[in-house]
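Report on the structure given below.
Given the structure is predicted, the values throughout are model-derived calculations rather than measurements. Whatever order the structure lists ligands and atoms in, that order sets their numbers, starting from 1.
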Amino acid sequence: MPNYNLFLLPGDGIGPEIMAEAERIIDWLSGRGDVRFECSHGLVGGAAYDAHGVAISEDDMARALAADAVIFGAVGGPKWDDVPYDARPEAGLLRLRKDLKLFANLRPAICYPALAEASSLRRELVEGLDIMIVRELTGGVYFGEPKEIVDLGNGQKRGIDTQVYDTYEIERIARVAFDLARVRRGKVISSEKRNVMKSGVLWHEVVSDVHQAEYSDVTLEHMLADNCGMQLVRNPKQFDVIVTDNLFGDMLSDVAAMLTGSLGMLPSASLGETDAGGKRKALYEPVHGSAPDIAGQGKANPIAMIGSLTMALRYSFNMSAEADLLDTAIANVLGRGLRTADIMQDGKTLVSTHEMGDAILAELDLLTE
Ligand code: NAD
């Protein structure tokens, strides 16, 4: 029986509450007897700062590096607004992304039929929507040098950020997108601004080369990033996989997120390179933050966290049947009208974080009887 080692980092705010529900699902999966998940727990963000004075300890970093997958809750909150910059809660997540070399960020935007009314777009535009945005996460303008504010000495200052991409960075993120498209609906849209940016010209060229050399069975289209933002709102169901750089990915994935209704529904995966043994470092986390406004009240929606676990089953453990099962359980529970406060609608049943976990577990039992 395969034995996998999960490192759980619940973090701050609602992180521990939603992680507790994900852990019950992990136990359920282990209880089926086909696979065994060994979970260990660490501290990140404000919780780590309170215990160790840093956003993640070296010990926990080492455990994250050794794990088969890291499952991450959320970090931050007003309590830590004034801690030193290097120890701020987000520094823990950034350190994990950097040391695990997580260059590919996968953000699905799925609209469950039961929640189509929660979108800001009309039901027919979003019902059944299933987009995967693949964002390059470790390069581009957020990291390029020089990155500085220069005093020009004449009462003026100059702010500089540098957009840089090397061929290998574009090749590896393109391969992630094409591989995903092969097991989805076979279409990749690559998005950049080649009309005004040299990095966009190179992006277009490299993605086209990888496509021609290795993935001619997949359909590739190119779309300027501003048009892509517009098309996401105009006709989102035309998309299958979108691959784009760090900056445009940041924006386009947030646009896509809002098509689906609530932040509490959105999972994500961040993946590193595949090693010689076929394994890759990976971190799975909900898109939302630590929601300090509702922390400790049993109001948090655990579905983004549980959906992140589903992504771990799919992308780290090759357990797509179990991932599909979990997705079906979530869709059925929503179909039965159960809602946490963030997705509550007239005539539906309001449930707590824990009750939503209960309902998903009961549905899993029902589906596997
Ligand atoms: P947030 O995502 O925490 O919350 C935004 C709004 O969405 C809030 O009203 C919150 O109650 C609601 N919300 C979020 N997740 C929810 C869920 N699962 N169920 C129900 N409602 C949910 O963003 P914010 O308020 O801008 O930030 C709060 C803190 O989180 C800040 O310290 C911020 O830095 C941090 N943050 C962390 C991450 C991360 O850990 N990856 C991401 C974003 C923000």
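For N301, a nitrogen or oxygen atom sits less than 3.5 Å from a nitrogen or oxygen atom of ligand 1, counting backbone and side chain alike.
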Practice problem: Go through the steps for Y284 and F72 under the test ring pair (Phe, Tyr, Trp, His ring centres under 6.0 Å), then give the verdict. | Solution: CA-CA 6 Å; Y284 299 90; F72 185 99; over 10 Å; no
Please lay out, stage by stage, how W203 and Y165 fare under the test ring pair (Phe, Tyr, Trp, His ring centres under 6.0 Å). CA-CA 8 Å; W203 185 280; Y165 273 110; 5.4 Å; yes
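With a 4.0 Å cut-off on non-hydrogen atoms, I18 does not touch ligand 1 at all. Neither the backbone nor the side chain of A341 has a heavy atom within less than 4.0 Å of ligand 1. With a 4.0 Å cut-off on non-hydrogen atoms, M305 does not touch ligand 1 at all. Contacts between I294 and ligand 1, counted as non-hydrogen atom pairs separated by less than 4.0 Å, involve the side chain only. Heavy atoms of I14 found under 4.0 angstrom from ligand 1 belong exclusively to the side chain. Residue contacts with ligand 1 for L263 involve side-chain atoms from C-beta outward but no N, CA, C or O (heavy atoms, distance under 4.0 Å).
Nearest protein neighbour of atom 14 (C) of ligand 1, counting heavy atoms only, is H288 CB, 3.7 Å. When hydrogens are left out, the protein atom nearest atom 8 (C) of ligand 1 is D293 OD2, 3.4 Å; that is the closest non-hydrogen contact. Residue, atom and distance of the protein heavy atom nearest to atom 43 (C) of ligand 1 are G289 CA, 3.5 Å. For atom 37 (C) of ligand 1, the closest heavy atom belonging to the protein is V75 O, 3.1 Å. Ranking the protein heavy atoms by distance from atom 25 (O) of ligand 1 puts P292 CD, 4.7 Å first. Distance from atom 33 (C) of ligand 1 to its nearest protein heavy atom, with residue and atom name: E90 OE2, 4.0 Å. Looking from atom 32 (O) of ligand 1 to the surrounding protein, the closest heavy atom is G77 N, 3.1 Å. Summary of contacts: the protein heavy atom closest to atom 13 (N) of ligand 1 is A291 CB, 4.0 Å.
V241 places none of its side-chain heavy atoms less than 4.5 Å from the side chain of R185. Within the 4.5 Å cutoff, side-chain heavy atoms of I306 are placed close to those of I360.
Using a 4.0 Å threshold on non-hydrogen atoms, atom 27 (O) of ligand 1 does not count as touching the protein. Counting protein heavy atoms under 4.0 angstrom from atom 30 (O) of ligand 1 gives one or more. There is a protein heavy atom less than 4.0 angstrom from atom 2 (O) of ligand 1.
The salt bridge (Lys or Arg N to Asp or Glu O under 4.0 Å) pairs that include a residue from residues 10-21 are E21-R24, where partners are two or more places apart or lie in different chains.
Both the sub-6.0 Å distance and the 45° axial angle are not jointly satisfied by R175 relative to the ring of F178.
In the displayed structure, K348 atom NZ is contacted under 6.0 Å by more than 12 heavy atoms of other residues, nucleotides or ligands. Atom NZ of K157 has 12 or fewer neighbouring heavy atoms from other residues, nucleotides or ligands inside a 6.0 Å radius.
Looking only at atom types and distance, the side chain of Q231 has a donor-acceptor partner in the side chain of N227 under 3.5 Å away.
Not a single donor-acceptor pair under 3.5 Å links the side chain of S290 to the backbone N or O of G13.
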